[in-house]
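Below is one structure, written out as structure tokens, with a few remarks after it.
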Amino acid sequence: MTILYNDQQYVEDSNREQRLSSGSFWCLFACLLVATIFVLAPYAYCQSSPSYQIIISGVEEELKDNILALLSLKKYQTNTNLNPHLLAKYKDKAQGEIKKALEPFGYYAPTISLNETRRNAQDVITISIEKGPPTIVAQTRIECIGQGCDSPWVAKLRISFPLQSGATLDHRKYTQGKQQLITTALNKGYQNARLSRNIVEVSARNNTAVIGLTLELGDRYFFGPITYQCDFINHSLLRKITAQKEGDPLSPRAITRIRQLLLGTGYFATADIQYNLKTANAGRVPVTIQLTPGVVNRYGVGIGVGTDTGFRGRFDWYNQRVNRFGHQFDLQLQPSERKSRFGGVYTIPISDPKKEKLSLLGKWENENFDNTESKSWTSSVSYDELKKNGEYSLYLKFLDEDYTAGLDSGHATILAPGVGITWRWTDDRIKASQGLSVTGALTGGNNNLLSDTTFIQGLILVKAIYAFLPSWRFIGKSNIGATAADEFLELPPSLRFYAGGDQSVRGYGYKRIGPKDAAGNVIGGRYLFTYSLELEKEIFDNWSTSVFFDSGTATNSWDELTMQNGAGVGIRWNAAFGQVRLDFAKALDEGNCWRIHFNIGADF
């Protein structure tokens, strides 16, 4: 039998079925959505509201935190499916979990009681803990097996182990002490050093513990011949950079240090250090260092604005590897409204170019502020060395400067040797909690040695930071400078002292403070004295605010020391590269309006 079905009718029936299907779907979806809301709403409420409250007494905060981290009652506190049977199970487990949480702190015999009450329509589980007497270390035995056990560093490790006889047993210090033993042995070249025995025998009855450790040193390894696989840098320079030589202890720390020093130069993209202890000959292991070249040229472009300089731009070209001797060249162009410069520095590394180098500098500058304008060319040669807590520099500078300072105009030629030294102590150079830096500079010239006048000039800069509360910092700064010269006015403006501006007395314009000529133009002075007191408070995240007071002067006589004062408030944003500082300051000695000061930089 054949059934004929009209095509049009088929289409209409299909559309009707589709509409019915679609309507049924949306109806079903709406019902499911409403049902889901009703089901999940109580659950969401329960997730944010714990089923019961836990109160722990009798222990310090540190112990309490460790107890809560292990306590099942805490882990399942917001479980909506927690029935009385499960709750009873977790309460039964609580005593064992609490004892386990207290053991790392040396408490092995606590007394624990649990009490359950109901308060404000909520169950309250109160856990009272008596820690009991702490476990005391009765004896610490550290044995050493292998050649080198009679070395002084082994005796020092025994003495410095953090848990000695009479100390309270603390498993964190025990772990720290074990790590110290292994790390020191590795750093001495014992690459197979291990603890073959490490036990803590606890007597709960006597509340005492005996610690037993056996350090097996194994063979000691040293650097053998060091081979560099690198044809684009002189190998004698590489040996100076790495500072490791044949016969030094071979350790993971030494290998890591070599890699960091090499990559820190900017010469290399990768530094792969290979060695095999099985190839040791009389303990000396051949080491191969494979180096690949890094990016040679780097460029930088920027624009900005500063209250001292006005609108400014910047273009940098930095060649990190001019030749196989590691020479470097940095060319900079910095145009701005009031202070522009163009110049370059050619660097010849003596060892690590980041730490010891000879620098050749050439620089043209044009500075224009108020009624003072100068155009100068400076060339210098300097020896610079970076130390652990600072740096120092010896230099010889030649300065040729045309200038107009108020009513006076002139031309100056100066050949000046000098020295600069910085000593620095800080916990963090970017954002310090405590820190102190002292910088001293001394320079001079003689009219018999290519200088227009004989002079000597010194400058001392001091900065201190102290965080006296978690979110409060005190910042203090002071600059003191003095010049002795046969004819002071023959010194160009770049060698005179001024005060005022972002880095000096805020509230005053750049170089607005100093001796004046007959027309009232600031022309700079022989002496400088400024100081700044600032109080900074963190407010949230990486933001902080500050209040400050600045005072200073530039003068030709200490007997005429008239200080100019400024004060204001500031906002700070603490970034990874340093602080972005925006200050609003007012001069307190004049009827000036508020001035805005903006600068960026690290603390030290």
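Between the D517 side chain and the L407 main chain, a donor and an acceptor come within less than 3.5 Å of each other. Under a 3.5 Å cut-off, the side chain of E337 and the backbone N or O of F311 do form a donor-acceptor pair. At least one donor-acceptor pair closer than 3.5 Å links the side chain of D427 to the backbone N or O of S433. For Q334 (side chain) and R312 (main-chain N/O), no donor-acceptor pair under 3.5 Å exists by modelled atom type. A distance-only check finds a donor-acceptor pair linking the side chain of D428 to the backbone of I430 [under 3.5 Å]. In terms of modelled atom types and a separation under 3.5 Å, the side chain of K463 and the main chain of D603 share a donor-acceptor contact. Formation of a donor-acceptor pair under 3.5 Å by the H235 side chain with backbone atoms of T227 is not found in this model. Put simply, the side chain of S382 never gets that close to the backbone of L358: no donor and acceptor are under 3.5 Å apart. Side chain of S151 to backbone of W153: no donor-acceptor contact under 3.5 angstrom is found. Judged purely by atom type and a 3.5 angstrom limit, S471 has no side-chain atom pairing as donor or acceptor with the backbone of K537.
Here the side chains of D352 and E356 are not in contact, with every heavy-atom distance at 4.5 Å or above. Annotation: side chain of Y527 is not in contact with side chain of I480 (no heavy-atom distance under 4.5 Å). Taking 4.5 Å as the limit, every side-chain heavy atom of K188 sits out of range of all side-chain heavy atoms of P249. By the 4.5 Å heavy-atom criterion applied to side chains, P252 and Q191 are counted as neighbours. For the pair L157/Q180, a side-chain contact is recorded, criterion being any heavy-atom separation below 4.5 Å from C-beta on.
Pairing each heavy atom of Q320 with each of G266, the nearest pair is NE2-O, 3.4 Å. Nearest heavy-atom pair, L415 versus L449, reported as atom, atom and distance to 0.1 Å: CB-O, 3.6 Å. Between A412 and P492, the closest heavy-atom pair is CB-CD, 3.7 Å. A254 and F223 get closest at one heavy-atom pair: CB-CE1, 4.0 Å. In terms of heavy-atom proximity, D400 sits nearest to T413 at OD1-OG1, 3.4 Å. Of all non-hydrogen atoms in L250 and I255, the two that sit nearest each other are CD1-CD1, 3.8 Å.
E487 and T453 share no side-chain donor-acceptor pair at under 3.5 Å. In this model, a donor atom of one side chain and an acceptor atom of the other lie less than 3.5 Å apart for T270 and T292. In this model, a donor atom of one side chain and an acceptor atom of the other lie less than 3.5 Å apart for T483 and Q457. A donor-acceptor contact under 3.5 angstrom links the side chains of D272 and Q274, judged on distance only. Between the side chains of N389 and W425, no donor N or O sits under 3.5 Å from an acceptor N or O. Side-chain contact check for N447 and T454: at least one donor-acceptor pair (N or O, by modelled atom type) lies under 3.5 Å. Using modelled atom types and a 3.5 Å distance limit, the side chains of T372 and Y498 yield no donor-acceptor pair. Between the side chains of Q332 and Y318, not a single donor N or O lies within less than 3.5 Å of an accepting N or O.
Between Y510 and F369, the ring-plane angle classifies as perpendicular under the 30° and 60° cut-offs. Taking the six-membered ring where tryptophan is involved, the planes of F577 and W573 are perpendicular, since the angle between them exceeds 60° and thus also 30°. Using cut-offs of 30° and 60° for the angle between ring planes, the W317 and F329 rings count as perpendicular.
With respect to the salt-bridge test (charged N to carboxylate O, under 4.0 angstrom), the residues K354 and D384 do not qualify. Salt bridge annotation for E391-R424: present, with a cationic side-chain nitrogen under 4.0 angstrom from a carboxylate oxygen. A salt bridge is absent between R581 and E536: the closest approach of a Lys/Arg side-chain nitrogen to an acidic carboxylate oxygen does not fall below 4.0 angstrom.
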S551 vs N565, side chain to side chain donor-acceptor pair (under 3.5 Å): CA-CA, chis, key distance, verdict: CA-CA 4 Å; S551 184; N565 304 308; 2.6 Å; yes
Worked check of side chain to side chain contact (heavy atoms under 4.5 Å, CB included) between I226 and R239: CA-CA 9 Å; I226 302 175; R239 283 190 287 270; over 6 Å; no
Side chain to side chain contact (heavy atoms under 4.5 Å, CB included) between L495 and L399, intermediate numbers included: CA-CA 10 Å; L495 291 176; L399 171 67; 4.2 Å; yes
Chi angles and distances behind the side chain to side chain contact (heavy atoms under 4.5 Å, CB included) call for I465, T426: CA-CA 9 Å; I465 295 178; T426 179; over 6 Å; no
From CA spacing to verdict: side chain to side chain contact (heavy atoms under 4.5 Å, CB included), L262, L238: CA-CA 8 Å; L262 290 169; L238 295 176; 4.1 Å; yes
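The cationic atom of R506 (NZ for Lys, CZ for Arg) lies less than 6.0 Å from the six-membered ring centre of F548 and within 45° of the ring axis. Both the sub-6.0 Å distance and the 45° axial angle are not jointly satisfied by K387 relative to the ring of Y392.
Checking R338, K511, K375 one by one against E367, the salt bridge (charged side-chain N to carboxylate O under 4.0 Å, His left out) holds for a single residue, K511. Put simply, the residue from Y267, F268, F325 that forms a ring pair (Phe, Tyr, Trp, His ring centres under 6.0 Å) with F232 is F268.
In terms of the side-chain contact (heavy atoms from CB on, under 4.5 Å) criterion, residue partners of A464 (sequence neighbours excluded) are, by chain and number, L436.
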